[in-house]
Amino acid sequence: MAERDSKESGDSKSRFEAQRLRTTSGTLQNLDSDRNLWHNREPAAMLVKRYTTDQDILKASTSGQGTLMGVVFPCMANILGVLLFLRLPWIVGKAGTLNAFLLVLLCCICTFVTTLSLSAVATNGMIKGGGAYFLISRSLGPSLGAGVGLCFYMANSIGAAMYFMGTVEAWEIAQPDMQLMTAGDLNNIRFTGFIILAVALVMVGGGIKYVARLGTFFLFLVLLVILCMYLGCLIGPTNGGTYELGVTDSTGNTTMMEMTWGGLSAEYLSQNFKTGYDLPQKAFPSDTTQYTFIGLMALWFPAVTGIMAGSNRSADLDDPAGSIPKGTLFAQGLTSLIYLSFVLLYGAVAPRSTLLDDKFFASSSAWPFKEVVLYGVMASTIGAGLTSLTSGTRLLSAIASDNTLPILHIFAVPMGREPRLALLASGVLCACAIAIGELNAVAPVLTMFFLMCYTCVNMSCTILEAVHDPNWRPRFRYHHWSISLFGAILCVWMMFAISAVIALIAIIFCSVIFAYAAYNSHEVKWGDGFQGMKFQLARNILTNMDLRMHTKNWRPQLLVITGASITENTVDEFGRAHSGKDEVLSIHDPELLNIASQMNGGRGLTLLGGVCSSKGKDIFSDGGMFLCTQHRQKVLDGQDAFQRLLGEYHIEGFGRVVYTEDYSEGLMGLVQLSGLGAFQPNTIVAA
């Protein structure tokens, strides 16, 4: 009996609830029957559930690479490059131990600060595949992402040329009699470099994914070479401390000279402590540049780049937001210690004349014999060149696929296909850099592109933090806007210190790319930090304006009122528009816009108000404009149509459509509520 009473009670409650729903006001009937509240917003619980599901899917789709294999090794493989082996001893000889230490430290500080900013970008929201360009463009906006991405692309392509030229220099020292032309001649570097580039293009064209897998092998090769260099400096010479070296002068004549070096010596360190910018050098006879601290800094800076290599593998990481900051900072810190330690070691094991005349002292001082370093450097530089070509090709294809720079659309390829045209473009740019023929001349150009790229990253983080953009929520704890600002100022100072003219050209180039991308990226909705800056600026100006305008400052603020109606059959039952976009909304008095356009001399603000009356219809009912998917799409399209009308009549202002059951109520609502702050209408134009 109790069970039957309980059942009848439950049925009674169900009937009561059903009756209550049937008698509910039509304006709110079945409000959330399709899980949509008003403007197609999902309930918070559904959003949390979908986010958790996306995170689980993302973790399941990754290959499970950790911080070491996925970030540390790729970054170190890109940072440790040809300049460590072929230019660092010579830089120590030119600048002296103290100044060489300072310029290397300054370059390392620049990349360290940029790494902090990059870590903030990498932890700003959920990270998917796409590499450094994807992270920057989706966090900082499409226009800025295109500018940074293009600079990064050019830096990668020119960097490949620097690596291939380093390969030729090592080959000339290893086998001076097996050259196409005279060893040391610029034409020999050019033609041999072109041949290496052609082979590299064929290899990369055969399969980019296979080349990318060789990065770890080349890194261990580089680490082996560095170990031999450390042992050589610490153990000292095993052949008495003297060796014969053929030095080629600017005319092509080779002279055998006797070089000396020894173990760690305080005497050598003291002799090499001061600068030697004016001292003659025979290592690079064709280079007659009068180097200073800034010139050597420009030459060395490409050696500390490569910090974005880990973020390029974001799709392969098990935890990108955790691995990218930790792995990149570790790799940058470790390579900085390697560079700074070799500055001190080279200054303490050889006299200045040996450092200035032996272009490959890193191999001459290696243990157990110099051939290990010679051929190891050749192999590693070829691998680094292949990696740079691969990164540049992928980057150009990604930029083209995003369609923020339509001029590059021919380089876009479908998912899964090899970007052959992008590879060809990278090869042409690389060939132009090789044609210069002098590594000392290519490195400063490469420095400018990297500094421009790092400036944009640091400055963008500063702006996003300053305007409190809601999309900017990095989880990296050690980032602060002042650090990014310091990094941006440091990068700009280095650019102008190296060459003010080239720095201005680089800034103008980036500005043109930024403006072009901004013009063509209106349909791209990634979130733009500069929109947040505009919003903050507009809000501050609007709130600080005087509401009581002086007579001298008076100007007409027009409120143009007209009737409007939504064109039928512009959206099907699935919410898809299938008629011209200018037919979504029609206004009843278009002549008023002609009048308003002729009153632009006052340079006031025009508000176009349309009253769309739906008399006899309940706009909040289940089939009304705000709850029906079909009509809701028409409402949104109508707002866009009003804004386009203002543009067609060359009127500066905003449009607003009011939907109401009674025309008079809509008219009164427009008159009383239009405007904001000092931009209140003072003139009504109506028919």
Side-chain angles (χ1 to χ4, degrees), residues 73 76-90 159-185 188-200 202-204 211 213-235 237-239 243-248 254 259 261 283-284 303 335 338 342 345-346 349-350 354 358-389 434 439:
F73 284 174
M76 291 186 65
N78 279 263
I79 295 173
L80 297 171
V82 62
L83 294 176
L84 168 64
F85 312 113
L86 294 176
R87 290 298 182 273
L88 186 56
W90 185 80
M162 184 184 71
Y163 286 121
F164 293 148
M165 293 167 68
T167 303
V168 178
E169 285 193 12
W171 173 245
E172 286 181 339
I173 297 173
Q175 298 293 338
D177 298 328
M178 298 179 63
Q179 306 299 316
L180 298 176
M181 298 180 181
T182 305
D185 187 20
N188 184 62
I189 295 178
R190 293 187 182 109
F191 284 108
T192 309
F194 289 149
I195 293 174
I196 296 175
L197 173 61
V199 175
V202 173
M203 293 178 64
V204 176
V211 175
R213 295 173 183 172
L214 297 176
T216 304
F217 167 75
F218 289 120
L219 171 63
F220 282 108
L221 195 59
V222 170
L223 293 178
L224 175 62
V225 170
I226 291 175
L227 177 62
C228 294
M229 292 162 55
Y230 269 123
L231 291 175
C233 292
L234 296 175
I235 295 174
T238 57
N239 56 356
Y243 60 95
E244 292 271 329
L245 181 69
V247 178
T248 304
T254 301
M259 303 289 176
W261 73 290
F284 310 103
T335 52
I338 292 174
F342 270 115
L345 287 174
Y346 286 142
V349 298
T354 300
D358 188 353
K359 67 163 60 176
F360 210 166
F361 180 72
S363 67
S364 302
S365 60
W367 182 90
F369 40 82
K370 66 178 184 179
E371 284 74 16
V372 175
V373 176
L374 279 173
Y375 293 104
V377 167
M378 288 171 58
S380 64
T381 50
I382 290 176
L386 290 172
T387 303
S388 296
L389 273 180
I434 292 176
L439 192 149

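Only a predicted model underlies this, so the values are computations on that prediction, with no experimental measurement involved.
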Colleague: What heavy-atom pair brings Ala77 and Leu219 nearest, and what distance separates the two atoms?
Modeller: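 Minimum heavy-atom contact is N-CD1, 3.6 Å.
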Colleague: Show me, pair by pair, the donor-acceptor contacts under 3.5 angstrom made by side chains of residues 220-232, not counting sequence neighbours?
Modeller:
| residue | atom | partner | partner atom | Å |
| --- | --- | --- | --- | --- |
| Tyr230 | OH | Ser341 | OG | 2.6 |

Colleague: Hey, what do you get for OG (Ser380) to OH (Tyr375), rounding to the nearest 0.5 Å?
Modeller: 14.0 Å
Colleague: Report yes if the side chains of Thr387 and Tyr163 come closer than 4.5 Å at any heavy-atom pair, otherwise no.
Modeller: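 They are not in side-chain contact.
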Colleague: Considering only residues two or more places apart or on different chains, which pairs with a residue in residues 223-232 satisfy salt bridge (Lys or Arg N to Asp or Glu O under 4.0 Å)?
Modeller: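 Every pair satisfying salt bridge (Lys or Arg N to Asp or Glu O under 4.0 Å) with a residue in residues 223-232: there are none.
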Colleague: Please report the shortest heavy-atom distance between Ala170 and Val377, naming the atom on each side.
Modeller: CB-CG1, 4.5 Å
Colleague: Less than 4.5 Å apart, any side-chain heavy atom of Phe164 and any of Thr381?
Modeller: no
Colleague: Can you tell me how far the CG atom of Leu439 sits from the CE atom of Met162, to the nearest 0.5 Å?
Modeller: 6.5 Å
Colleague: Is there a side-chain contact between Leu389 and Leu197 (heavy atoms, below 4.5 Å)?
Modeller: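 A side-chain contact exists here, since the closest heavy-atom pair is under 4.5 Å.
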Colleague: Working to the nearest 0.5 Å, report the span between CG of Asn188 and CD of Glu169.
Modeller: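 Nearest 0.5 Å value for the CG-CD distance: 10.5 Å.
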Colleague: Kindly indicate whether the side chain of Thr167, heavy atoms from C-beta on, has any atom under 4.5 Å from the side chain of Val82.
Modeller: no
Colleague: Quick check: closest heavy atoms across Ala379 and Phe218, and the distance to 0.1 Å?
Modeller: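 Reported closest heavy-atom pair: O-CE2, 3.4 Å.
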Colleague: Distance from Met378 atom CE to Ile196 atom CD1, nearest 0.5 Å?
Modeller: 7.5 Å
Colleague: Restricting to non-hydrogen atoms, name the atom on Gly193 and the atom on Val168 that form the minimum distance, rounded to 0.1 Å.
Modeller: N-CG2, 3.8 Å
Colleague: Tell me whether Thr192 contacts the main-chain N or O of Ile189 through its side chain, where contact means a donor paired with an acceptor under 3.5 Å.
Modeller: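 No; zero donor-acceptor contacts below 3.5 Å.
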Colleague: Within this structure, what is the CD1-CZ distance for the pair Ile173 and Phe360, rounded to the nearest 0.5 Å?
Modeller: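 Rounded to the nearest 0.5 Å, the CD1-CZ separation comes out at 6.0 Å.
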Colleague: I'd like to know if the side chain of Gln179 and the backbone of Trp171 have a donor-acceptor N/O pair within less than 3.5 Å.
Modeller: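 Between the backbone of Trp171 and the side chain of Gln179 there is a qualifying donor-acceptor contact (under 3.5 Å).
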Colleague: State, to 0.1 Å, how close Phe361 and Pro89 come at their nearest heavy-atom pair, and which atoms those are.
Modeller: CB-CB, 4.1 Å
Colleague: Nearest heavy-atom pair of Leu83 and Ala303: which atoms, and what distance?
Modeller: CD1-N, 3.7 Å
Colleague: Would a 4.5 Å heavy-atom cut-off, applied to side chains only, mark Arg87 and Phe284 as touching?
Modeller: yes
Colleague: For side-chain contact (heavy atoms from CB on, under 4.5 Å), just list the numbers for Val247 and Met259, CA-CA rounded to whole Å, side-chain angles, deciding distance to a tenth of an Å, and then say yes or no.
Modeller: CA-CA 11 Å; Val247 178; Met259 303 289 176; 4.1 Å; yes
Colleague: With side-chain hydrogen bond (donor to acceptor under 3.5 Å, both in side chains) as the rule and sequence neighbours excluded, what pairs involving residues 359-369 come up?
Modeller: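 Listed once each, the pairs are Asp358-Ser364.
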Colleague: Does the side chain of Tyr243 come within less than 4.5 Å of Thr354's, by heavy atoms?
Modeller: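 Yes, close enough: below the 4.5 Å cut-off.
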Colleague: Between Ile195 and Leu180, is there a side-chain heavy-atom distance shorter than 4.5 Å?
Modeller: yes
